[in-house]
Amino acid sequence: MRVNLENTTRKLCVIGDPVLHSKSPLIQNTMLEALKLDYIYLCQPVAPAQLAPFLHAAALLGYRGLNATMPHKQALLPLMDTLGEDARRFGAVNTVCIRDGRFFGYNTDGVGFLRALAANGTSPKGLRVTVLGAGGAAKAVALKLAQEGAVRVTVCNRTAERAALLCALDEQGVLRPAGFDIETLRREARQTDLLINCTSLGMHGTQGQFDDVTFLDELPAGTPVYDLIYAPPETKLLAEAAKRGLPAYNGLGLLVHQAVCSLELFTETSIAFSAVQQALQGVLGGP
């Protein structure tokens, strides 16, 4: 990856612990070059105890903004001067804009997933959705889908209490909790128009894996299956879905559309995905 630096170049970065595996610098710098924007996007490991000092150092050093991955998304909330609606609703910040020494916190998970769905020709309106997992990503996706017109969103999780807590945040009354045992997954699959895995099962670097994917046999023909994991690019869940002739999508589309949303916030401009799509395909092979 090559970037051009000028004395006027403005700085952005992604923080996390760990974070050196992140594709965000590649994605963002590719977009910045394609759009001829005078920014550079860096990768910065930040331990939890360093979060508040780093934030203020970034402001002093003239950073215009940053993205945050685990474990900082919740910890950033009380450090913000202003929170966007989704950040407040989801209880997590993944994008921080720094303007005149003030911190503005946003969450692009929900809108990024909606854009990824739209890019594949899917609208949530009227859909029955099954979400696997009840963590931060699941919360953003499930609540956004309910907000955008899904008629039912079932949150399946091994810990019933955690699923119930997530569903209690839904103001539309669309979310409902369910278990993660195979019989429950099979039952829910029969009434599903869109399946989304928001767990870490199948992710590089983790030991967890789907032991039984026969619930995929119960999905109606043509039901899209999404896995928010992008490393590996094809998880066991997606491979098994593809074997059954189901449309299968990994998390790269979400990652890219989140990045576009963040760059719009950083630069206070509207960005057409078509303007960066070809450049991103050249470095990512997708989405």
Side-chain angles (χ1 to χ4, degrees), residues 1-3 5 9-35 37-77 79-80 83-84 86-87 90 92-99 103-113 115-116 135-137 140 200 203-205 228-231 250-269 271 276 279-280 283-284 286-287:
M1 180 171 53
R2 188 184 68 179
V3 295
L5 291 177
T9 300
R10 290 156 286 188
K11 297 180 290 293
L12 303 165
C13 72
V14 59
I15 64 171
D17 186 27
V19 74
L20 294 180
H21 64 284
S22 176
K23 289 186 181 292
S24 291
L26 176 61
I27 293 170
Q28 292 283 5
N29 285 313
T30 297
M31 293 195 297
L32 290 167
E33 182 179 9
L35 296 167
L37 294 172
D38 189 20
Y39 289 79
I40 185 172
Y41 191 100
L42 306 171
C43 182
Q44 180 61 56
V46 175
Q50 299 172 334
L51 180 60
F54 175 80
L55 200 62
H56 291 284
L60 287 172
L61 291 170
Y63 276 76
R64 292 301 182 94
L66 57 93
N67 289 119
T69 185
M70 298 303 293
H72 300 315
K73 291 185 176 185
Q74 287 77 38
L76 280 168
L77 284 167
L79 302 177
M80 298 294 100
L83 287 173
D86 280 356
F90 304 157
V93 169
N94 72 353
T95 302
V96 178
C97 293
I98 305 172
R99 301 173 185 140
F103 303 107
F104 298 80
Y106 303 94
N107 190 301
T108 62
D109 286 334
V111 67
F113 186 70
R115 291 188 185 187
S200 62
M203 182 185 293
H204 273 326
L228 299 194
I229 294 168
Y230 62 85
N250 66 19
L252 188 57
L254 169 60
L255 183 68
V256 167
H257 286 284
Q258 282 177 323
V260 173
C261 294
S262 292
L263 193 56
E264 288 180 331
L265 291 166
F266 294 144
T267 62
E268 299 182 86
T269 60
I271 297 170
V276 297
L280 289 171
V283 297
L284 297 172

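- For the residue pair P71 and A75, the shortest heavy atom distance occurs at O-CB, 4.5 Å.
- The minimum heavy-atom distance linking Y63 with I98 is given by the pair O-CB, 3.5 Å.
- Annotation for V111 and C261: closest pair CG1-SG, 3.6 Å, computed over non-hydrogen atoms.
- Shortest non-hydrogen contact noted between A34 and V276 is CB-CG1, 4.4 Å.
- L255 CG to Y230 OH: the interatomic distance, rounded to the nearest 0.5 Å, is 5.0 Å.
- Pairs of residues two or more places apart, or lying in two chains, that qualify as salt bridge (Lys or Arg N to Asp or Glu O under 4.0 Å) and include a residue from residues 103-112 are K73-D109.
- Minimum interatomic distance between L61 and K11 (heavy atoms only, all atoms of both residues): O-NZ, 3.0 Å.
- For N67, the side-chain hydrogen bond (donor to acceptor under 3.5 Å, both in side chains) test picks out Y41, T95, S262, with sequence neighbours left out.
- Residues that satisfy the salt bridge (charged side-chain N to carboxylate O under 4.0 Å, His left out) test with R10, not counting sequence neighbours, are absent from this structure.
- Listed by first and then second residue, the side-chain hydrogen bond (donor to acceptor under 3.5 Å, both in side chains) pairs involving residues 42-62 amount to none (not counting sequence neighbours).
- The stretch residues 40-67 participates, sequence neighbours left out, in no salt bridge (Lys or Arg N to Asp or Glu O under 4.0 Å) pair at all.
- In this view, L60 satisfies the side chain to side chain contact (heavy atoms under 4.5 Å, CB included) rule with no residue, not counting sequence neighbours.
- When the side chain to side chain contact (heavy atoms under 4.5 Å, CB included) test is applied to A116, the partners found at least two apart in sequence or on another chain are H257.
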Evaluation steps, side-chain contact (heavy atoms from CB on, under 4.5 Å), between L32 and L263: CA-CA 9 Å; L32 290 167; L263 193 56; 3.6 Å; yes
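- Each salt bridge (Lys or Arg N to Asp or Glu O under 4.0 Å) pair with one or both residues in residues 250-265, not counting sequence neighbours, appears once here: R115-E264.
- Annotation: side-chain hydrogen bond (donor to acceptor under 3.5 Å, both in side chains) contacts of D38 (sequence neighbours excluded): T8, T9.
- The distance from atom CD1 of I15 to atom CG of L76, rounded to the nearest 0.5 Å, is 5.5 Å.
- Sequence neighbours left out, the pairs with a member in residues 17-26 that pass side-chain hydrogen bond (donor to acceptor under 3.5 Å, both in side chains) are S22-S24.
- Across every non-hydrogen atom of N94 and N107, the tightest pair is OD1-CA, 3.3 Å.
- Looking at residues two or more places apart in sequence or on another chain, you find a side-chain hydrogen bond (donor to acceptor under 3.5 Å, both in side chains) between D86 and K144.
- Qualifying side-chain hydrogen bond (donor to acceptor under 3.5 Å, both in side chains) partners for Q28, counting only residues two or more places apart in sequence or in other chains: none.
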